[in-house]
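Please read the structure below before turning to the comments.
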Amino acid sequence: MQRWLATTAKRLLHRCNNLPQKAKPRTHLPSSSFYHRWARASSTAIKRNPNDAIELFDKMVNSRPYPSIISFTKLLTSLVKLKRYDVVISLSKKMETLGIRNDLYTFNVLINCFCSCYQVSLALSLLGKMLKLGFEPDKVTLGSLVNGFCLKNRVSEAVSFVKKMVEFGYGVDIVAYNTIIDSMCKSKRADEALSFFNGLEREGVSVRPNVVTYTSLVKGLCNVGRWSDAARLLSDMIKREISPNVVTYSALVDAFVKNGKVLEAKELYEEMIRMSIEPDIVTYSSLINGLCMQDRVDEASEMFGLMVRRGCFPDVVSYNTLINGFCKAKRVEDGMRLFREMSQRGLVSSTVTYNTLIQGFFEAGDVDMAQEVFSQMDSPDIWTYNIMLGGLCDNGEVEKALVMFEDLQKSEMELDIVTYTTIIHGMCKAGKVEEAWGLFCSLSVEGVKPDVVAYSTMLSGLCSKGLHCEIDALYLKMQGDGLVLNGRKLCLRDGDITVSAEVIKELLTRATSEGCEKAVSLL
DNA sequence: TTAGGGTTAG
């Protein structure tokens, strides 16, 4: 079916090669007040430090007469781009106190901010306020609110909100519908997205689906393996003269790659070039990833070179894809070479890059290099620490891991169950089972709930030393935590069979190899 | 103001 989709896609895409392209609307230069220009000029500085925006704001509110609301909007928008929603909200409160009135645009910016920081109810009350003041919400207002609902996984509320707004006679643009469809697709509910889409068509809603609508749906359907539906939609799209673009193609390339169909993905790539749709950094990264996933890291490396030759310059994600490929292929040195190269090119490595490399060095047994890379990090996250702790324990450095763990406990970093399980595992391996048990018992004090893997790890440790009393106590805890005994099977109440099967396997292994009667009697 | 790419532990 995937092969068929690839062929269908090629045929259909070829057919639409000569579809008329819509002309890009002309963009107008913004109006020019002094503060407006100032805000624009300082946007680079703001990028480095949002405090500059606050300083500028102070100057603006201290001048008389106040700069126009457009200047304030520009300033707030630059902060929105930095995702500093909190700052925007607090500045807008100041504006309110000073009697600087909102216009539709600032209302939209604010509603967008509340929605982006998951405060839909506040955004809704702002909507109420603007309605009272006689402002008509526009497509942007409604689109933001729909996005707010979807961000909180309240898609059904988004749907009924849109319905209401349509009933009230407000114009809802395709953008809002696209947000809903994409949100359904992202949470793997492509079925729901498809029937919502079909519903729109049936009910004759006055919006026309566009390339974004179709791209979301095609990707969503591929993700859940609904290849024939994806192909049908693609053909629909083309019949309606909606041209697939580089994003549509990239989505397809990525879907093929994720299903191990690198050959088909490459065919689509070649098709793109024939059709003069220039593959971009995302297309290449997917292809590189696909080759790495098939242990074809040298070919991935060639693809990386090809990308540069075609004038498409790798970013952090493309570098990281290839670095990860090298690490998986046990060629961490090559990964390190790329890491240095990307720094030389002025790209700032992300935590992901560091985590990947640290993991790679530990897997290669090179503790020193892992530590060296770790020491270069500005802001390690909990994943970094878990990788560090696990890596140290696996490489016979339990003591070092314990020191790091103690420091972590004193720090601000919020430890999760994986951190604890890693160190418990390390302790047990080093024969410090009693100490591990003490830590395990303190989890409730720390407010961390043990999961199946944590129980299984602790149980293994206790079994290895035959600590019967503790095993009894652990068993009681398991019952209390929702792990119940059911005949010969341990089941989770939420029915996660895969994980519970792991526990059973582990228990049986322990019970058989180490002859712990208690473990057997638990089953 | 909507759609596409990377890592991830016990």
Side-chain angles (χ1 to χ4, degrees), chain A residues 80 108-109 111-112 115 138-147 150 172-183 185-186 207 209-220 222-223 244-255 257-258 279-290 292-293 307 314-325 327-328 335 349-360 362 381-391 393-394 416-426 428-429 450-458 460 502:
Chain A
V80 168
N108 281 348
V109 169
I111 287 179
N112 181 31
C115 288
D138 67 1
K139 291 164 187 175
V140 179
T141 329
L142 304 180
S144 294
L145 282 159
V146 165
N147 186 41
C150 289
V172 180
D173 183 27
I174 186 64
V175 172
Y177 291 103
N178 285 350
T179 306
I180 290 174
I181 288 173
D182 193 58
S183 174
C185 288
K186 286 225 172 80
V207 292
N210 61 15
V211 60
V212 178
T213 328
Y214 276 104
T215 304
S216 284
L217 280 168
V218 167
K219 178 161 177 84
C222 288
N223 270 343
N245 60 18
V246 62
V247 181
T248 322
Y249 270 101
S250 297
L252 283 167
V253 164
D254 196 59
V257 151
K258 296 264 159 67
D280 66 11
I281 200 160
V282 179
T283 330
Y284 284 107
S285 297
S286 285
L287 286 167
I288 291 170
N289 188 32
C292 289
M293 281 164 74
M307 161 180 174
D315 64 0
V316 183
V317 176
S318 8
Y319 264 105
N320 203 61
T321 310
L322 191 55
I323 290 176
N324 185 49
C327 289
K328 289 265 157 67
S349 323
S350 66
T351 314
V352 175
T353 326
Y354 285 104
N355 289 353
T356 306
L357 270 174
I358 294 174
Q359 173 102 331
F362 273 129
D381 59 10
I382 189 62
W383 290 92
T384 319
Y385 285 109
N386 291 342
I387 291 171
M388 283 300 295
L389 294 175
C393 290
D394 285 346
D416 60 18
I417 187 59
V418 181
T419 323
Y420 288 103
T421 312
T422 308
I423 208 75
I424 284 173
H425 186 239
C428 290
K429 231 175 96 177
D451 62 7
V452 190
V453 187
Y455 272 116
S456 156
T457 307
M458 195 61 249
S460 306
E502 284 299 307

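Chain identifiers are assigned alphabetically (A, B, ...) following the order of the sequence lines, protein sequences preceding nucleic acid strands; residue numbering begins at 1 within each chain.
Distances were taken from every side-chain heavy atom of A:D315 (C-beta onward) to each of B:dG6, B:dA3, B:dG5; the shortest belongs to B:dG5. Out of B:dA3, B:dA9, B:dT7, the shortest distance to the side chain of A:T356 is found at B:dT7. Of the candidates B:dT7, B:dT2, B:dG6, B:dT7 carries the atom nearest the A:N324 side chain, counting heavy atoms from C-beta on. Which of B:dG4, B:dT7, B:dG5 sits closest to the side chain of A:V246 comes down to B:dG4. Comparing atom distances between the A:I281 side chain and each of B:dG4, B:dT7, B:dG5 picks out B:dG5 as nearest. For A:V418, whose side chain is taken as the heavy atoms from C-beta onward, the closest listed nucleotide among B:dT7, B:dA3, B:dA9 is B:dA9. Taking only side-chain atoms of A:V211, from C-beta outward, the nucleotide of B:dG6, B:dA3, B:dG5 with the closest atom is B:dA3.
Look at A:K258 and you won't find any side-chain N or O under 4.0 angstrom from OP1 or OP2 of B:dG4. Of the side-chain N and O atoms in A:K186, one or more sit less than 4.0 angstrom from OP1 or OP2 of B:dG4. Remark: A:N112 is in phosphate contact with B:dT1, judged by side-chain N or O atoms under 4.0 Å from OP1 or OP2. Not one side-chain nitrogen or oxygen of A:K219 sits closer than 4.0 Å to the OP1 or OP2 atom of B:dT2.
The base of B:dA9 lies outside donor-acceptor range of the side chain of A:N355, with no N or O pair under 3.5 Å. On a pure distance criterion of 3.5 Å, no polar donor-acceptor pair joins the side chain of A:S285 and the base of B:dG4. A:S250 contributes no side-chain N or O that forms a donor-acceptor pair with the base of B:dG5 under 3.5 Å. Within 3.5 Å, a donor on the side chain of A:D280 pairs with an acceptor on the base of B:dG4, or the reverse.
Within 4.0 Å (heavy atoms only), A:T384 reaches no atom of the nucleic acid at all. Residue contacts shown for A:L217 are absent, as no nucleic acid heavy atom lies under 4.0 Å away. Contacts of A:N147 with the nucleic acid, taken as non-hydrogen atoms under 4.0 Å apart, are absent. Using a 4.0 Å heavy-atom cutoff across all strands shown, A:V316 reaches at least one base atom of the nucleic acid.
If you run side chain to side chain donor-acceptor pair (under 3.5 Å) between A:N178 and each of A:D173, A:T215, A:N210, only A:N210 comes through.
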